[in-house]
Amino acid sequence: MTTQDFDILVASAQHVDYAQLICDEMAESAKARGTGIAQRSPEYVANKMLEGKAVIAFHKDGTWAGFCYIETWSHGDFVANSGLIVNPIFRKEGLAKAIKERIFKLSRTKYPDAKIFGLTTGLAVMKINSDLGYEPVTYSELTQDEDFWAGCKSCVNYDILMSKGRKNCMCTAMLFDPAEKQKAYEDKMKKITHKATLLERIENAIKKRIEKFTYSTT
């Protein structure tokens, strides 16, 4: 089985009936890992579908396979791709990465200037984020929107978070900053242009020497 056996699409009104199943699986997955999770209600998840801010995956046979949604914070300056979950029967098939790539693309389309961040304890998710261009950061570089941090209250590690003044916790913070990526790209292009210009100057200098030598010997 490969990711080609799945359809990953932007969720809509026709998928709201899966909200309860998705929330139940999120809770069970967190319990199995022994890690915390900011719990969401089926109503919240369904609303994300209605807003076009979620992706859902199905196996070719119609079985629900996975889900992830977008949250916005600080008036849209920050975006989080949250609630990534894969049906247990379809895990280790590369589906989580495919879903994450699809929700990342949707986030970049809807909020091209927003910083995309995540908090996770999962090494697999960290690897996926890194492949997408996320960088590990301190909590201070994330949104300071109180509503975001209030969402952590349902996490089993919330007391740890608060005892550390919201500066760190069990989760690793990762951030994709489009402005930084653009700057890095521009710097790279400048270096390439500089090298090309330098090479051209060297070639011209060699050409002139050859012409001078040719002229002097004729």
Side-chain angles (χ1 to χ4, degrees), residues 11 16 18-49 51 53-57 64-88 91 95-97 99-100 102-104 106-107 111 114-132 134-177:
V16 296
Y18 290 95
Q20 183 64 62
L21 171 63
I22 290 168
C23 288
D24 291 344
E25 189 52 53
M26 286 179 183
E28 285 300 315
S29 179
K31 186 186 300 183
R33 295 196 310 269
T35 57
I37 186 172
Q39 296 177 2
R40 299 302 185 194
S41 68
E43 292 76 19
Y44 184 90
V45 169
N47 191 53
K48 289 297 178 183
M49 296 178 182
E51 293 176 340
K53 297 178 181 179
V55 298
I56 191 166
W64 171 76
F67 181 78
C68 194
Y69 64 88
I70 296 171
E71 292 181 302
T72 58
W73 307 100
S74 303
H75 307 291
D77 290 339
F78 287 86
V79 167
N81 295 160
S82 304
L84 176 63
I85 189 69
V86 173
N87 187 327
R91 288 175 186 168
L95 185 56
K97 182 177 181 179
I99 292 173
K100 200 72 163 55
R102 184 67 182 85
I103 196 70
F104 181 81
L106 181 62
S107 299
Y111 307 97
K115 296 179 181 179
I116 306 176
F117 72 98
L119 284 171
T120 182
T121 57
L123 291 176
V125 175
M126 291 180 204
K127 175 63 168 59
I128 294 171
N129 285 348
S130 180
D131 290 344
L132 288 171
Y134 287 63
E135 300 285 347
V137 296
T138 62
Y139 282 26
S140 64
E141 294 180 65
L142 307 182
T143 177
Q144 298 306 305
D145 193 319
E146 291 297 330
D147 288 339
F148 168 76
W149 296 102
C152 293
K153 289 182 179 179
S154 58
C155 176
V156 296
N157 297 318
Y158 185 67
D159 288 342
I160 297 175
L161 174 69
M162 298 309 293
S163 69
K164 295 181 178 294
R166 259 175 22 188
K167 294 180 179 179
N168 57 72
C169 193
M170 304 302 291
C171 287
T172 296
M174 301 187 77
L175 181 75
F176 175 91
D177 186 340

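This chain uses plain numbering: 1 for the first residue, then up along the sequence.
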Asks: Applying ring-ring contact (aromatic ring centres under 6.0 Å, His included), can you list everything that pairs with Tyr111, at least two apart in sequence or on another chain?
Replies: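 Tyr111 satisfies ring-ring contact (aromatic ring centres under 6.0 Å, His included) with no residue once adjacent residues are dropped.
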Asks: If you look at every heavy atom in Gln144 and Leu142, which pair is closest and at what distance?
Replies: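 The answer is NE2-O, 3.0 Å.
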Asks: Can you sort out the partners of Asp24 under side chain to side chain contact (heavy atoms under 4.5 Å, CB included), two or more places apart, ordered by chain and number?
Replies: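 Per chain and number, Asp24 pairs via side chain to side chain contact (heavy atoms under 4.5 Å, CB included) with Gln20.
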Asks: Do you know the tightest heavy-atom contact between Thr120 and Gly122?
Replies: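 Minimum heavy-atom separation between Thr120 and Gly122: OG1-N, 3.0 Å.
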Asks: To the nearest 0.5 angstrom, please state how far the SG atom of Cys23 sits from the CD atom of Glu43.
Replies: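 Going from SG on Cys23 over to CD on Glu43, the span is 8.0 Å.
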Asks: Determine, step by step, whether Val86 and Lys97 satisfy the side chain to side chain contact (heavy atoms under 4.5 Å, CB included) criterion, reporting the C-alpha distance in whole Å, the side-chain angles of both residues, the deciding distance to 0.1 Å, and the verdict.
Replies: CA-CA 10 Å; Val86 173; Lys97 182 177 181 179; over 6 Å; no
Asks: With rounding to the nearest 0.5 Å, note down the distance linking OG in Ser82 to CE in Met26.
Replies: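 Ser82 atom OG to Met26 atom CE measures 8.5 Å (nearest 0.5 Å).
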Asks: If you measure only the distance, is there a donor-acceptor pair under 3.5 Å linking the side chains of Glu51 and Asn47?
Replies: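 Yes, because at least one side-chain N or O of Glu51 sits under 3.5 Å from a partner of the opposite role on Asn47.
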Asks: Which pair of non-hydrogen atoms, one from Ile103 and one from Lys53, has the smallest distance, and what is that distance?
Replies: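 Heavy-atom minimum between the residues: CD1-O, 4.4 Å.
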Asks: Walk me through it: do Phe104 and Asn81 pass the test side chain to side chain contact (heavy atoms under 4.5 Å, CB included)?
Replies: CA-CA 7 Å; Phe104 181 81; Asn81 295 160; 4.2 Å; yes
Asks: Would you say the side-chain atoms of Thr138 and Asn168 include a donor-acceptor pair closer than 3.5 Å?
Replies: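 Thr138 vs Asn168: no donor-acceptor pair found between side chains.
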Asks: Do the ring planes of Tyr69 and Tyr44 sit parallel (below 30°), tilted (30 to 60°) or perpendicular (above 60°)?
Replies: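 Plane angle over 60°, so perpendicular.
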Asks: Could you tell me which non-hydrogen atom of Phe148 sits nearest to which non-hydrogen atom of Leu119, and how far apart they are?
Replies: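 Distance-wise, the nearest heavy atoms are CZ-CD1, 3.6 Å.
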Asks: Where does the angle between the aromatic ring planes of Phe117 and Phe78 fall among parallel (under 30°), tilted (30 to 60°) and perpendicular (over 60°)?
Replies: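 Ring orientation of Phe117 relative to Phe78: perpendicular.
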Asks: With side chains defined as the heavy atoms from C-beta onward, is the minimum distance between Trp149 and Met162 less than 4.5 Å?
Replies: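 They are not in side-chain contact.
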Asks: Keeping to residues at least two apart or across chains, list the salt bridge (charged side-chain N to carboxylate O under 4.0 Å, His left out) pairs with something in residues 141-152.
Replies: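 Residue pairs passing salt bridge (charged side-chain N to carboxylate O under 4.0 Å, His left out), neighbours aside: Glu146-Arg166.
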Asks: Can you sort out the partners of Tyr158 under ring-ring contact (aromatic ring centres under 6.0 Å, His included), two or more places apart, ordered by chain and number?
Replies: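 Once residues adjacent in sequence are excluded, Tyr158 has no partner under the ring-ring contact (aromatic ring centres under 6.0 Å, His included) criterion.
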Asks: Rounded to the nearest 0.5 Å, what separates atom CG in Leu161 from atom CE in Met170?
Replies: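 Rounded to the nearest 0.5 Å, the CG-CE separation comes to 11.5 Å.
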Asks: Going by salt bridge (Lys or Arg N to Asp or Glu O under 4.0 Å), name the residues that satisfy it together with Lys100, two or more places apart in sequence or in a different chain.
Replies: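 For Lys100, no residue satisfies salt bridge (Lys or Arg N to Asp or Glu O under 4.0 Å) once neighbours in sequence are set aside.
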Asks: I need the Asp177 CG to Tyr134 OH distance, nearest 0.5 Å.
Replies: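 Taking CG in Asp177 and OH in Tyr134, the distance rounds to 12.0 Å.
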Asks: Which atom pair, heavy atoms only, marks the closest approach of Cys169 to Tyr139?
Replies: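 Scanning both residues, the minimum pair turns out to be N-OH, 3.3 Å.
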Asks: Identify the two heavy atoms, one from Pro88 and one from Glu25, that lie closest to each other, and give their separation to 0.1 Å.
Replies: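 Closest heavy-atom pair between Pro88 and Glu25: CG-OE2, 3.4 Å.
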Asks: With rounding to the nearest 0.5 angstrom, report the SG to CG distance, Cys171 to Asn157.
Replies: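 Separation between the atoms: 7.0 Å.
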Asks: Is a donor on one side and an acceptor on the other found under 3.5 Å between the side chain of Ser130 and the backbone of Lys127?
Replies: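 Absent.
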Asks: Kindly indicate, with the supporting measurements, whether the criterion side chain to side chain contact (heavy atoms under 4.5 Å, CB included) is fulfilled by Trp64 and Asn87.
Replies: CA-CA 7 Å; Trp64 171 76; Asn87 187 327; 3.8 Å; yes
Asks: Supply the atom-to-atom distance Ile99 CD1 to Leu95 CG, rounded to the nearest 0.5 angstrom.
Replies: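 Between Ile99 CD1 and Leu95 CG, I get 4.0 Å after rounding to 0.5 Å.
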Asks: When you compare the side chain of Leu175 with that of Ile116, does any pair of heavy atoms fall below 4.5 Å?
Replies: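 SC-SC contact between Ile116 and Leu175 ruled out.
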Asks: Tell me, do Cys68 and Ile85 make a side-chain contact under 4.5 Å, heavy atoms counted?
Replies: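 Counting from C-beta outward, Cys68 and Ile85 never come under 4.5 Å.
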Asks: Between Glu135 and Met174, is any pair of side-chain heavy atoms under 4.5 Å apart?
Replies: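 No - every pair of side-chain heavy atoms lies 4.5 Å or more apart.
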Asks: Within the structure provided, determine whether Asp77 and Thr143 are in side-chain contact (heavy-atom separation under 4.5 Å).
Replies: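 No - every pair of side-chain heavy atoms lies 4.5 Å or more apart.
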Asks: Run the side chain to side chain donor-acceptor pair (under 3.5 Å) test against Thr172 and tell me which residues pass, sequence neighbours left out.
Replies: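 Thr172 satisfies side chain to side chain donor-acceptor pair (under 3.5 Å) with no residue once adjacent residues are dropped.
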Asks: Go through the steps to decide whether Lys48 and Ile70 satisfy the test side chain to side chain contact (heavy atoms under 4.5 Å, CB included), and finish with yes or no.
Replies: CA-CA 7 Å; Lys48 289 297 178 183; Ile70 296 171; 5.8 Å; no
